[in-house]
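Computed from a prediction, not measured in an experiment: that's the story for all the values here. Chain letters run A, B, ... following the sequence lines, proteins first, then strands; residues in each count from 1.
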Number of protein chains: 2
Amino acid sequence: MKRSSKQIEYTEDTEALANFAKALGHPTRIVILKHLENQSCCFTGDLVDVLPLAQSTVSQHLKELKSAGLIQGELKPPKIKYCINQENWNIAKTLFQQFFD
Amino acid sequence: MKRSSKQIEYTEDTEALANFAKALGHPTRIVILKHLENQSCCFTGDLVDVLPLAQSTVSQHLKELKSAGLIQGELKPPKIKYCINQENWNIAKTLFQQFFD
DNA sequence: AGACCCTATCGTAAATTTACGATGGTAAAA
DNA sequence: TTTTACCATCGTAAATTTACGATAGGGTCT
């Protein structure tokens with residue numbers, strides 16, 4: 001943004017929905033989430049094998065999904081097990097449902 | 001992207017869903033779409049009045065929503081009437097529904 | 001302690017996004 | 001025909017996103 005601009009105000013729901021949508025706004029992240037829906041859980045390495053991307057890139061996408069609240073990581077040495085964050089997943093689901101009327 | 005990279009392949013649905021999600025990935029565009037859902041249609045000027053953004057910025061957001069297929073513009077001189085593109089709206093709705101299981 | 005996995009983070013580069021003001025184009029109105 | 005209204009597009013700047021390789025860190029196993 002050129003001008004730092006008068007920090008626009010949005011409702012919480014609008015902000016939340018846009019946030020979730022943004023996290024879903026990349027095909028790689030859709031693939032990751034679909035994978036997690038099937039397997040219920042998986043490790044970073046599994047995804048690196050499936051996706052034609054560098055390990056660091058996959059890790060970065062996972063980080064974004066985590067910061068959006070859609071997934072969570074559980075330490076399972078020496079691996080990390082990622083699962084859908086069911087609570088936030090349901091919130092997102094509801095927001096999209098409401099949005100699409 | 002640093003390396004032009006081996007053009008990753010995604011399924012059509014994955015690509016389409018990510019595309020719609022990306023279009024929804026900004027709160028201003030959510031506000032615009034909610035507005036269009038209520039009014040069914042509206043003019044660019046109406047949105048400029050509602051949103052604390054420059055006219056050119058609003059126009060840019062509208063362009064993105066249009067190129068994502070979520071809205072369509074109809075010439076209604078001297079104004080332009082924007083409406084939800086119901087066909088693609090339904091496609092998006094279905095994709096999100098399927099995705100959220 | 002040392003070697004080995006697995007994964008996160010850092011540094012970096014290119015592309016894209018978001019925002020603005022200024023300009024241009026189209027169609028009605030004077 | 002000139003003016004006016006409405007809106008898209010251009011040019012530009014800053015921020016963010018996407019991608020990579022390299023490095024670092026946490027935990028096992030030897």
Please report, rounded to the nearest Å, how far the [atom2] atom of [N] is from the [atom1] atom of [X].
X: A:Glu74; N: C:dA8; atom1: CD; atom2: P; answer: 14 Å
X: A:Leu53; N: D:dG21; atom1: CG; atom2: P; answer: 11 Å
X: A:Leu47; N: C:dT7; atom1: CG; atom2: C1'; answer: 12 Å
X: A:Asp49; N: C:dC5; atom1: CG; atom2: P; answer: 15 Å
X: A:Glu64; N: D:dT16; atom1: CD; atom2: P; answer: 12 Å
X: B:Gln72; N: D:dC7; atom1: CD; atom2: P; answer: 17 Å
X: B:Lys63; N: C:dT18; atom1: NZ; atom2: P; answer: 13 Å
X: B:Leu62; N: D:dC6; atom1: CG; atom2: P; answer: 16 Å

Requested in this report: Looking at every strand, decide which applies to B:Thr44 at a 4.0 Å heavy-atom threshold: base, sugar-phosphate, or nothing.
Outcome: sugar-phosphate
Query raised in the report: Contact class for B:Ser56 (heavy atom, under 4.0 Å): base, sugar-phosphate, or nothing?
Result: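 Base, at least one base heavy atom under 4.0 Å.
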If only side-chain N and O atoms of [X] are considered, is one of them under 4.0 Å from the OP1 or OP2 phosphate oxygen of [N]?
X: B:Tyr82; N: D:dA8; result: yes
X: A:His61; N: D:dA19; result: yes
X: B:Thr57; N: C:dA19; result: no

Query - A:Lys79 charged N/C atom sitting above A:Phe43 aromatic ring, 6.0 Å / 45° - result: yes
Kindly compute the distance separating [atom1] ([X]) from [atom2] ([Y]), expressed to the nearest 0.5 Å.
X: B:Trp89; Y: B:Glu37; atom1: CH2; atom2: CD; value: 4.0 Å
X: B:Lys93; Y: B:Leu95; atom1: NZ; atom2: CG; value: 12.5 Å
X: A:Gln39; Y: A:Lys81; atom1: CD; atom2: NZ; value: 12.5 Å

Query raised in the report: Under 4.5 Å between any side-chain heavy atoms of A:Leu36 and A:Cys42, yes or no?
Result: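 A side-chain contact under 4.5 Å exists here.
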Query - Closest nucleotide among D:dC7, C:dT7, C:dC20 to the A:Phe43 side chain - result: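 Of the candidates, C:dT7 comes closest.
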Report task. Look at the side chain of B:Ile80 and decide which nucleotide, out of D:dA8, D:dG21, C:dT7, has an atom nearest to it. Result ->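 The answer is D:dA8.
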Query raised in the report: Does any residue of residues 11-32 of chain B have a heavy atom under 4.0 Å from DNA chain D, and if so, which ones, in number order?
Result: none
Report task. Over 60° means perpendicular and under 30° means parallel, so classify the ring planes of A:Tyr10 and B:His26, tilted if in between. Result ->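 Perpendicular.
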Query raised in the report: What about the rings of A:Phe100 and B:Phe96, do their centers lie closer together than 6.0 Å?
Result: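 They qualify: ring centres under 6.0 Å apart.
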Query raised in the report: Going by modelled atom types, is there a donor-acceptor pair between the base of D:dA8 and the side chain of B:Gln55 at under 3.5 Å?
Result: yes
Query raised in the report: On DNA chain C, nearest-nucleotide positions of A:Gln60 versus A:Lys79: which is more 5'?
Result: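 Whichever sits nearer the 5' end wins; that is A:Lys79.
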